[in-house]
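Counting convention: from 1, in listed order, for ligands and their atoms alike.
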Amino acid sequence: MAKTEFHARGWFEEPKVQNSVAHGIGTQNMLQLTPQSGQKPFKKLLDWGVFFPYVAQVVRSEKFEYRQVTEIVHNDAVLKHAIKQAAEQSLREQRYAKNGHRLLTRSASGDQSGSAVEEEDERQGISYQTILRKQERRAISILKDMGSTLNNGLLAFTSWILYKLLPCFLSGVVTNTKQIEMLKTATERSPETPLIFVPLHRSHLDYIMVTWILTNNDIRSPLVAAGNNLQIPVFGGLLRGLGAFFIKRKIDPVEGKKDVLYRAALHLYLTHALKQGHNVEFFIEGGRTRTGKPCMPKGGILSVIVNAFMDGSIPDALLVPVSVNYERLVDGNFVREQKGEKKIPESFTKAISGIWKALRSNYGLMRIDFNEPYSIRELVNSYNKIAREDGNNAKVYKPAARTLQHNQSTSSLYGTDVVCEEHRNLIESISRQVVFDCAAATSVMSTNALAFLLLTRFRKGGEEQILAEALDDLRNSLSGTKDIGFSGESSQILAYACDLLGPGLVTRTRDEHGRLVIRAGNSVESFIELAYYSNMLTPHFALSSILMTTFHSLLPETESKKEAGVSRKTLIDAALENCQIYRYEFILNKPTQVLENLLYKQLDDLLFSGCLIAKQLNDDNENTEQAKRLARNLAECIDEDEDFLHVTPNDGGDEGMLLFARDTLQQQRNICEVLAPFAWTYVTVAQSLQILHRNSMLESEFISFVINDLSSKVKRGSCVYAESISTDSVRNCLKLLEKWSVIEVCNQQGMRLISLNTLYEMSRESLNTIVKKVDAIVPKFNSDYFNAAP
Ligand SMILES: O=P(O)(O)OC[C@H](O)CO
């Protein structure tokens, strides 16, 4: 990719637009948008804003009152109670440290009076008052570290700087005009209801971009929950002034011991922020995705917000799922971490060198989508409705005023899974729904499409013309279901995306016949990085990939037996089992959707595309099948009601049989390829379990072992997917094995030790069953018929 020299742009220079593709219809490029500058018709000709558009934009954009919250929290009775709790906890610990069991035993049996205990404390030099004062000072310091200093001055100044700097490395910041209008309408309609922005987290740039976009569209900037790893000199202060409030990434420093004071401070900070009319933003996945696909949600912050609604602190809040995507990731890549190396912590020098590098490069378009907000009140009502109609004793959630919340120990926190037990299922459902919706609404960028084609259809590369036809097909198949973040002629899009990703990732060269050929770079690292871009599309094709792979694993190996086919019910049941294997890798359905129905719907699509053939039905059954297909499509349209439109086909006898389709073999293979790299990671983890036999291991060591094993398989060529080398997927598979009780994970002084559960320790056979179960998700391309594919 040609490097653009960094140069500060002049006062009247228009944003840089060269080397970019057109963004979708109905969208606007914020870099070219200064609605307050006076350039629009009907504004005064001699308006100074015409000459200083960016200054006019930031000076004239709407200013809001941003109330500081820390003082209010500090005076809250609940915090005072938590300080006392923390002091008592500390007192107990000090007594234990000095006296061990001696004092505790005596106190418990009551043979020592209160004053005697105090005397003993005095002898030991323990003073409750000193401890209390220490906890009071700690509370002040926690709030000082945490608190945001969001203010209009810094917002305006940063906004102006960004107008000048962003065009140096981004060709556009694209938003959807209607979505911005929708947010404005929502705030106008109910100004006292806070907006809770919930973006999927891709880059550190997300923090300031969401704020920048909202500020310049006259929407109140949110307080943003940020990990304290970003509390670095200069940048930490800047982020704080732009709305960041910092949260420890590990809430309880000592395992098994709750930091009651910290939890109370955070809980109160958020609740008071909402009560003071602040909008809030938090990243539901905790950190940035390392794989390009969404991570499993962490319920922490959401739990506090739902609690605030449940205890009547706020009448309602609107959750706004936000989808962010970059044509090229400004943060670089996560290849090191995927290969098992440790993350390099954020620092001032790392930030400066990152910014310097960014300014001298081109990252293409950034796209942001604000999706339809959900009212927490309505969400709670609809989950209650389902709970009541299911009639299965599921909990019904009711908001109820609470005067004083004494028990903060289960309140929830940034990037942790700790949620208020009372609402655990509700929080889990809402957070999965938010992540699902964010992922579904993320716009596909040119680089996502190119990487997806290269990894699933053209692993050895392909002629540009043929790739362009495949891109046309992909765009057609996505149309109506996913937003495409680019427009124009497919071969131009490919050339543009190749240029953007650069020759280290993708090469575009002429072959001996003068034809342009596009190939993925041939290093392991290139494939891992390309997978990041490709994985944006993976969840969209996950169900069909599971179905197709399952179908082939059920199909008898020999040519003659294959004609018999597979029954629909057998296929769906086996696919459902395989979906369970991916439970920590993908969110395949919303909590309100029935997975089985979605699989039947995908099955219809596979039949329609000719990837499967239904055994000829007699006329009556044909009509029944058609009616059921229609009903499934209807259920898909009104997915909230799918529970009531659960339609399964008649599976009796030959009529439910699905036959192997010889003509579309390549297409079937492409579909299977979508999840094949994940399957290889999973099966390698399962096979590696044997090293745990009579041998517990640090989780980190086990992960390194699996990554090394995968690397040598890739080197030997026994695994063709270099992108299977993925620490994230290894971790997800370990969670699954823990869930299945195959392994046990115990925490010893902050280190995670894993070992086999007794059954699997005792019986090799049981362990082999697990390997076999996981192996069912690996596409069997070695079968004769796959080799016969063109
Ligand atoms: O992706 P991580 O883990 O570096 O975390 C990013 C978060 O924004 C940290 O606050």
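- Under 4.0 Å from ligand 1, not a single heavy atom of Asn228 appears.
- Interatomic distance, CZ of Arg752 versus OG of Ser700, reported as 10.5 Å (0.5 Å rounding).
- For ligand 1, the atoms sitting less than 4.0 Å from at least one non-hydrogen atom of Arg288 are 1 (O), 2 (P), 4 (O), 6 (C), numbered in the order shown with element in parentheses.
- Of the candidates Gln231, His201, Arg249, Arg249 brings a heavy atom nearest to atom 5 (O) of ligand 1.
- Judged as a side chain to side chain contact (heavy atoms under 4.5 Å, CB included), and not counting sequence neighbours, the contacts of Asn151 are Leu154.
- Nearest approach of Ser221 to Leu155, heavy atoms of both residues: OG-CD1, 3.7 Å.
- Of the listed options Glu346, His204, Arg290, Arg290 places a heavy atom closest to atom 2 (P) of ligand 1.
- Atom numbering of ligand 1 starts at 1 in the shown order; those under 4.0 Å from a heavy atom of Gly227 are 10 (O).
- A search for side chain to side chain donor-acceptor pair (under 3.5 Å) contacts involving Tyr682 returns Glu585, not counting sequence neighbours.
- Between Tyr207 and ligand 1 there is a heavy-atom distance shorter than 4.0 Å.
- One finds a salt bridge joining Glu346 and Arg288 here, because a Lys/Arg side-chain nitrogen approaches an Asp/Glu carboxylate oxygen to under 4.0 Å.
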